[in-house]
Structures are given as C-alpha cells and as structure tokens.
There are 4 protein chains.
Amino acid sequence: MARGNTRQRIQDVALGLFAEQGYEKTSLREIAEHLDVTKAALYYHFKTKEDIIIGIFQDLTRPVDELIDWAREQPRTLEVREEILRRYQESLISAYPLFRFMQENQAAVRELSIGLTFKERMLELSGLIQEPDFTVLDRVRCVSAIFTLHAGMFFMDNVEGDSEEKREAVLEVALDLLSQAHGGPVAGA
Amino acid sequence: MARGNTRQRIQDVALGLFAEQGYEKTSLREIAEHLDVTKAALYYHFKTKEDIIIGIFQDLTRPVDELIDWAREQPRTLEVREEILRRYQESLISAYPLFRFMQENQAAVRELSIGLTFKERMLELSGLIQEPDFTVLDRVRCVSAIFTLHAGMFFMDNVEGDSEEKREAVLEVALDLLSQAHGGPVAGA
Amino acid sequence: MARGNTRQRIQDVALGLFAEQGYEKTSLREIAEHLDVTKAALYYHFKTKEDIIIGIFQDLTRPVDELIDWAREQPRTLEVREEILRRYQESLISAYPLFRFMQENQAAVRELSIGLTFKERMLELSGLIQEPDFTVLDRVRCVSAIFTLHAGMFFMDNVEGDSEEKREAVLEVALDLLSQAHGGPVAGA
Amino acid sequence: MARGNTRQRIQDVALGLFAEQGYEKTSLREIAEHLDVTKAALYYHFKTKEDIIIGIFQDLTRPVDELIDWAREQPRTLEVREEILRRYQESLISAYPLFRFMQENQAAVRELSIGLTFKERMLELSGLIQEPDFTVLDRVRCVSAIFTLHAGMFFMDNVEGDSEEKREAVLEVALDLLSQAHGGPVAGA
DNA sequence: AATGAATGAGTCTTCATTCAT
DNA sequence: GATGAATGAAGACTCATTCAT
C-alpha cells in the first residue's frame with residue numbers, strides 16, 4: 001500500500017514503543033504488528049534491532065550535537081552560555097519522545113554502538129557553560145541548570161499549568177542558576 | 001559456605017547487575033553465575049525475577065517512604081522543607097545503587113508491581129516542599145531543587161573534587177532554590 | 001554493462017562460493033552481493049537456488065557422463081581401460097572447482113534432483129574398468145586406481161612440486177594399479 | 001525418563017543425522033524431535049550447535065590423533081609405516097559414521113573451531129609414511145595408500161562381498177603401494 | 001538449602017521466494 | 001533485464017520457570 005515511507009514509519013512506531021515500554025521489552029514482533037507488516041519486512045529496512053534505534057538516535061540527536069559543535073566555536077561569554085541553555089531547551093522540546101526514551105532507558109542503551117551517550121552529551125554541555133576556575137559550588141549550579149531543563153520535561157507532563165508559561169519559567173530558573181555561577185547578583189549581595 | 005545470608009547476596013549481586021546492564025538485559029543465569037550457584041537456587045529464595053527486584057525496592061526505598069510519611073505530619077515551614085531536602089539527599093546517597101538503577105531503568109521498571117514509582121515519589125516530595133499558592137516560577141524552583149539533588153548523584157561520579165565538599169555544595173544549591181521559591185533574598189532584593 | 005553473460009557469471013560466482021563455504025551455507029544474498037545485483041535478479045535467470053547448481057552440474061559433469069557413455073561402447077580391453085583413466089583424469093582437472101565442490105559437499109548435494117551422484121558415477125566408472133570375474137583384491141585395485149586420481153586433486157593443492165610432473169605421477173600410479181588388477185607384472189612374479 | 005545418558009544420546013542422534021543429511025541441513029528441532037525432547041533441552045547439554053559436533057569430533061578423532069602422536073615418536077622404518085596404515089584402517093572402521101560425516105561434509109565443517117581438519121590429518125599422516133628424499137612418484141604412492149584406505153570405506157558400503165575379506169584386500173593394496181614407494185619389488189624387477 | 005534436567009514461549013535473525021513495476 | 005519491497009517458514013538461541021531429588 002503506502003510505499004517509500006515505510007522506513008520512517010518503522011522508526012516512528014519503534015520510538016513510540018521503546019519510550020513507552022523500554023527498548024529491551026519491545027520486540028520486533030510487536031513493532032511489526034503495529035505496522036501491519038511481517039517481522040521480515042523490518043529487516044528489509046534495518047539490518048538489526050539495534051540499527052533501528054541507532055537510526056532514530058542519529059536523526060534526533062543531531063540538534064544537540066550541532067549545538068555542541070556551535071558552542072565550541074563561540075567566545076566563552078555569559079551571553080553565549082545563556083544562548084546554549086536556550087537552544088538546549090529547544091532541542092529537548094523538539095525531540096521530546098527521544099529525550100524521554102534516552103532518559104528512561106539509559107541502562108538499556110548504554111551498550112549500544114551509539115556515538116555519545118546521554119550522559120556524555122550532558123557532561124560536554126555542562127563543560128561548555130563553565131569556566132575552568134569555577135568553585136565547586138558554581139560547577140554545581142551549572143550542572144543544576146542543565147538538570148533544571150531536564151526537570152522541565154518532567155514538569156511539562158506532570159504539573160498543571162500553561163505549557164508556554166511553564167517552559168519560560170523553567171528557562172528562567174536555569175538562566176538564574178547560570179548567572180549566579182557567573183558571579184551574578186546573589187542573596188544578600 | 002557462609003549460609004543464611006544467601007538471600008542478601010542474591011539481592012546485592014542482582015542490584016549490581018541490574019544497575020549496570022538494565023533489568024531486562026540481566027538474566028537469572030547471569031546472577032546465578034556471579035554467585036556460583038544454579039538458577040534453581042534463586043527460586044528457593046525468590047518466587048520470580050520480579051520478586052528479587054521488589055525485595056530490593058522494599059528494603060531500599062523505605063527511607064524515602066518514611067521521609068514522605070514524616071514530612072506529611074510536619075508543619076509546613078521553610079525549616080521543615082529544608083530538612084526534607086537534607087534527608088532526601090541522605091537517602092539518595094545511602095541507597096546510591098538503587099537510585100541509579102531506578103533513574104536509568106525507569107521504562108523497564110514502570111510495569112513492575114511496585115508501589116510508588118520513582119516519578120511518583122518525586123512528585124510527592126516536590127509537593128511537600130511547595131505551597132498551594134506558589135507561582136509557576138516557584139514551583140519550578142522546588143522541582144529544580146529536587147533535580148539538583150539527583151544531579152548531585154551524577155555529579156559525584158562524573159566531576160572531580162572532594163566527595164564531601166561536592167555533597168555540601170549540591171545541598172547548598174538545592175536549599176538556595178528552595179529559599180528563593182519561598183520569597184527568600186533574590187537578585188536585586 | 002556487459003550483459004548476456006549474466007547467467008554464466010552467476011554460475012561462476014555461485015560455484016566458487018559453494019565450493020568454498022558449502023552449498024547450504026551460501027545464500028543467494030551472498031551470491032547477489034558478489035555480483036553487485038539484487039537477489040531478485042538471480043530469479044530472472046534461475047527458477048530456484050537448486051536450479052543454479054543443477055545448471056552448473058549439467059554443464060560440468062557432461063564430460064564424465066560422455067566418458068561413461070563412450071566407455072560403455074568400447075571393447076573391454078586393458079588399453080581401453082587405461083584410456084578411461086586418462087580421460088577421467090582430464091575431466092577431473094578441467095572441472096576442478098566442481099569436482100572439489102562435489103567431493104566436499106556430498107551430503108548437502110545428495111538430496112538434490114540431480115541425475116547421477118558423485119558416488120554413482122564413481123561406481124559406474126569403477127565397474128567399467130573391472131572384469132566380472134575379478135577377485136576382491138583386484139576389485140579393490142580398480143577402485144583404488146580411481147581414488148588415486150581423486151587423491152591427485154588433493155595432491156595438486158597440498159603437495160609441492162611441478163604441476164605437470166605431479167599429474168603424470170598420479171596417472172602412472174593409477175595405471176599401475178589397473179595393470180596389476182589385470183594380472184600385470186606383480187611383485188615377485 | 002532415562003537420565004544421565006542424554007548427552008550421549010544427543011551426540012549419537014546428531015551424528016546420525018549430520019552424516020545422513022549434512023550438518024547445515026540438520027536442524028536442532030529435528031535432533032530434538034528424534035530424541036523426543038525440546039530444543040531447549042539440547043541447550044542444557046551443549047552451548048551451541050557447533051558444540052555438539054565439536055564434542056563428537058573430540059570423542060571420535062582421538063584415535064587418529066593418538067595414532068599421529070604415536071607415529072611421530074617411532075623410528076622411521078617400513079615396518080612402523082605399515083603399522084601406521086594398519087592402525088589407521090582400524091580407526092577408520094571403528095569411527096565409521098564420523099569418518100563418513102567428515103568425508104561428506106568437508107565444506108560445512110571447514111569453518112568450525114575444530115583442531116585439525118580432515119585434510120590436515122591426512123596430510124600429517126601421509127607425511128609420516130614418506131621419506132624426505134622421495135620422488136614425486138613415491139609420494140603419490142603414499143598418498144594413494146591412504147586414499148585406498150578411504151576408498152575401502154566406500155568399498156565396504158557399495159561393493160558386495162565378505163566384509164572381513166574386503167577389509168584385508170584393501171589393507172593389502174595399501175601396503176603394496178607403501179612398499180613400492182619404499183623401493184619394494186616393482187614390475188619387472 | 002540447593003541441584004540437575006527439562007520445558008514452553010519467546011527472542012532476533014536469515015532464507016528462499018514472489019511480484020508489481 | 002532487473003529492482004524494491006515484502007512474505008512465510010524456519011533457524012539458532014535465551015529466558016523465566018518448574019519439579020523431582
């Protein structure tokens with residue numbers, strides 16, 4: 001019937017199921033049934049189960065990798081760092097299902113032949129918003145800023161309120177943490 | 001040789017492997033091999049694979065559940081809330097492998113017949129440190145405070161520095177976020 | 001590019017792979033990849049996998065079948081029999097890859113819908129160089145003469161020395177055995 | 001029901017089927033059905049399909065390997081070499097199904113992680129009955145002597161006659177070839 | 001308190017084959 | 001003369017689980 005887009009449909013259905021049930025728990029039989037094709041059809045489009053997920057990763061982590069690349073070439077100013085957080089939040093939101101999948105399946109995915117892991121990307125990003133001479137306290141603030149953006153994803157789903165308002169609030173808290181790390185106005189100052 | 005403690009040893013080895021490789025990916029065969037017993041021996045101590053992990057959960061999430069119970073009965077003051085964060089951090093640290101496991105296997109564990117999930121406990125806790133009339137911004141700060149403690153776990157492993165110093169810095173940032181949410185001294189104030 | 005000869009190219013590649021890896025172990029995918037065409041293309045030229053190998057057989061066992069036919073019509077003299085051995089050796093050499101394939105895949109090929117099997121052809125040939133009244137000992141010599149020619153194939157690959165010289169030596173030993181069977185000069189005679 | 005001997009029964013049935021149909025063509029399902037157990041039961045006794053056959057090999061090629069070891073330590077006399085042929089024939093006969101399997105599945109078995117292959121063992125043995133200064137002709141005679149013993153196996157099945165008589169005749173022809181190679185009485189001498 | 005032997009259901013994967021284009 | 005897309009059947013293998021001993 002529909003042709004040409006099967007590869008894409010496989011990835012969509014697969015990511016949905018992976019995110020919902022976990023990678024290991026989702027069988028190719030299940031994916032095939034959802035698509036109303038045979039398991040063998042999946043193998044026409046992807047060499048292995050791992051390949052399916054790697055394909056998804058490559059498509060969807062590109063924005064974050066591009067962000068990292070971009071950030072590496074920028075001057076190390078507060079403005080740039082704020083921009084990093086802004087862009088990171090955008091990436092998280094636009095690749096939400098993948099993000100959720102990565103977050104909730106870290107163990108299962110760790111061994112996959114995927115370039116950078118979730119953790120490694122986070123480390124990289126948190127490095128890019130710090131100065132080498134930061135105190136431990138300020139380093140924590142930077143990592144916390146990133147985790148706040150992640151918390152935002154969680155927040156979106158589980159706390160009531162206007163979506164856009166929540167997004168902005170999350171970003172504000174993250175930016176606050178960043179500026180505090182950068183010697184910004186702090187309590188009592 | 002040493003007997004009687006086999007049940008405990010099974011749980012220890014199992015949690016180690018679950019945390020490392022994921023729940024689904026870890027087979028009973030593997031656990032048995034690590035313990036140098038047969039698979040059948042595991043069934044003498046636990047009725048199912050799920051039972052093993054449920055046992056671990058019950059042993060190790062008790063502190064957090066007790067914290068929740070305690071918190072529910074306290075007056076809703078800032079001091080109590082600070083104490084909640086402090087105690088939560090302690091729980092996280094003392095049940096580190098379980099925490100890491102829960103964090104990295106959320107998807108796999110979701111379907112298990114376990115009382116409260118990781119997420120639910122977090123929601124509960126974050127509710128306990130908020131006021132009903134909080135703005136979205138302040139709610140984000142509270143959730144962020146909790147995520148900061150989680151970030152701390154990540155921080156412990158992946159950032160250099162003295163362990164105790166890091167722990168304290170993490171707590172400080174979390175407490176900061178909390179007091180800001182509570183109208184504490186903010187930028188420019 | 002070059003077309004028209006595709007059928008032949010398929011057979012060549014297939015025989016090569018069959019000889020190297022075995023018939024069952026060689027998949028059509030593999031053959032297609034070696035030829036840089038799709039599997040479906042193979043089906044344009046051959047109806048089934050079995051068909052490919054049957055085609056090869058028919059092309060390459062013809063010489064032996066013709067030899068058998070020829071031999072059946074000759075007078076049953078020692079000279080004719082010597083000629084049979086000579087011609088058989090030639091056939092073996094000129095269809096070397098097929099011979100090797102047949103030799104090493106007897107089990108796999110047994111069930112194929114192929115006229116005479118390797119074994120049957122050998123039995124036939126050995127019958128043609130014996131007399132009905134031969135003693136068991138002389139029958140063994142005749143079968144041994146044929147096996148010696150086969151051994152020669154093995155010899156070619158695995159023992160050093162000039163190719164032509166080896167071929168002649170092999171033939172000489174085979175002829176010797178034949179003439180001994182035919183009451184030729186024997187030890188002490 | 002019957003216990004303890006299952007491992008052995010698996011090997012017996014497997015070798016039978018492997019010899020009859022070929023290694024690749026014989027599925028574990030088939031083996032299991034013949035034994036009236038499940039496929040999984042096979043995996044309790046052997047780690048892989050390859051393992052089943054390797055087990056068989058090790059049990060059954062031992063005699064030939066021991067012969068090779070023994071031969072290496074003997075003085076290089078004609079008598080010893082005759083003894084080698086005699087013992088080799090015995091080995092072939094006593095491990096007949098395995099021999100037939102090896103002979104007819106060389107291609108399939110080549111890639112298996114088995115010590116020496118059929119071919120290598122033959123080369124080794126043929127080396128042990130030759131002198132370094134042999135002419136090509138004499139080398140051929142030695143290899144031919146070995147092939148004659150193999151031919152004997154074929155002879156046993158496919159030529160009528162008393163079994164013991166055939167065996168002796170085969171050995172006699174092989175010994176003849178050996179003694180001719182060793183400058184024994186030849187035609188016209 | 002633990003083992004040896006086995007099972008049933010399921011996994012991922014590969015294969016030969018088909019057919020509309 | 002060949003491809004792209006797909007299928008049904010089967011393959012090897014693994015898993016959680018059971019039970020008699």
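Everything quoted here is computed from the prediction, not taken from an experiment. Below, each value reflects all heavy atoms present in this structure, side chains not excepted, and no hydrogens, waters or symmetry copies. Within every chain, numbering begins at 1; the chains are lettered A, B, ... in the order of the sequence lines, protein sequences first and strands thereafter.
Here the side chain of Gln8(C) pairs no donor or acceptor atom with the backbone of Asn5(C) at under 3.5 angstrom. Of the possible polar contacts, one joining the Gln106(C) side chain to the Gln103(C) backbone as a donor-acceptor pair under 3.5 Å is found.
What separates CZ of Phe46(D) from C1' of dA12(F) is a distance of 16 Å, to the nearest Å. Regarding Ile53(D), its CD1 atom lies at a distance of 13 Å from the P atom of dA12(F), rounded to whole Å. Here the P atom of nucleotide dG4(F) and the CZ atom of Arg7(A) are 14 Å apart, to the nearest Å. Regarding Asp51(B), its CG atom lies at a distance of 13 Å from the C1' atom of dT17(F), rounded to whole Å. We find that CG of Leu35(A) is positioned 15 Å from P of dA5(F), with the value rounded to whole Å. Atom pair His45(D):NE2 and dC13(F):P shows a separation of 16 Å (rounding to whole Å applied). For Asp36(A) and dT7(F), the CG to C1' distance is 13 Å, given to the nearest whole Å. Atom-to-atom, OH of Tyr44(D) to P of dT3(E) comes out at 11 Å; the value is rounded to the nearest Å.
Shown here for Pro63(A) and Ser91(A), the closest heavy-atom pair between the two residues is CB-OG, 3.8 Å.
A tilted orientation is assigned to the rings of His150(B) and Phe99(B), their planes being inclined by 30° to 60°.
Base pairing analysis places dT21(F) opposite dA2(E); the two distances defining the Watson-Crick or G-U wobble pair are each below 3.5 Å. Pair check for dG8(E) finds dC15(F); Watson-Crick or G-U wobble, both atom distances under 3.5 Å.
For the pair Thr6(D) and dA5(E), the criterion of a side-chain N or O lying under 4.0 Å from OP1 or OP2 is not met.
Salt-bridge annotation for Lys25(C) and Glu30(C): absent, with no side-chain N of the basic residue lying under 4.0 Å from a carboxylate O of the acidic one.
When each of dT7(F), dT3(F), dG4(E) is scored by its nearest atom to the side-chain atoms of Thr38(C), the top-ranked nucleotide is dT3(F).
Under the side-chain contact (heavy atoms from CB on, under 4.5 Å) test applied with Ile56(A), the options Ile52(A), Ile54(A), Asp59(A) reduce to a single match, Ile52(A). Among His34(A), Gln21(A), Glu20(A), the single residue meeting the side-chain hydrogen bond (donor to acceptor under 3.5 Å, both in side chains) criterion with Thr26(A) is Gln21(A).
Within 6.0 Å of CG on Asp157(B) lie more than 12 heavy atoms contributed by other residues, nucleotides or ligands.
Among residue pairs with one or both ends in residues 40-51 of chain B, those qualifying as side chain to side chain donor-acceptor pair (under 3.5 Å) are Glu50(B)-Ser113(B); sequence neighbours excluded.
Within residues 12-22 of chain D, no residue has any heavy atom under 4.0 Å from DNA chain F.
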Exercise. Along nucleotides 10-15 of chain E, 5' to 3', which nucleotides get a B, which get an S, and which get a -, given that the test is a protein heavy-atom distance under 4.0 Å?
Worked result: BSBBBB
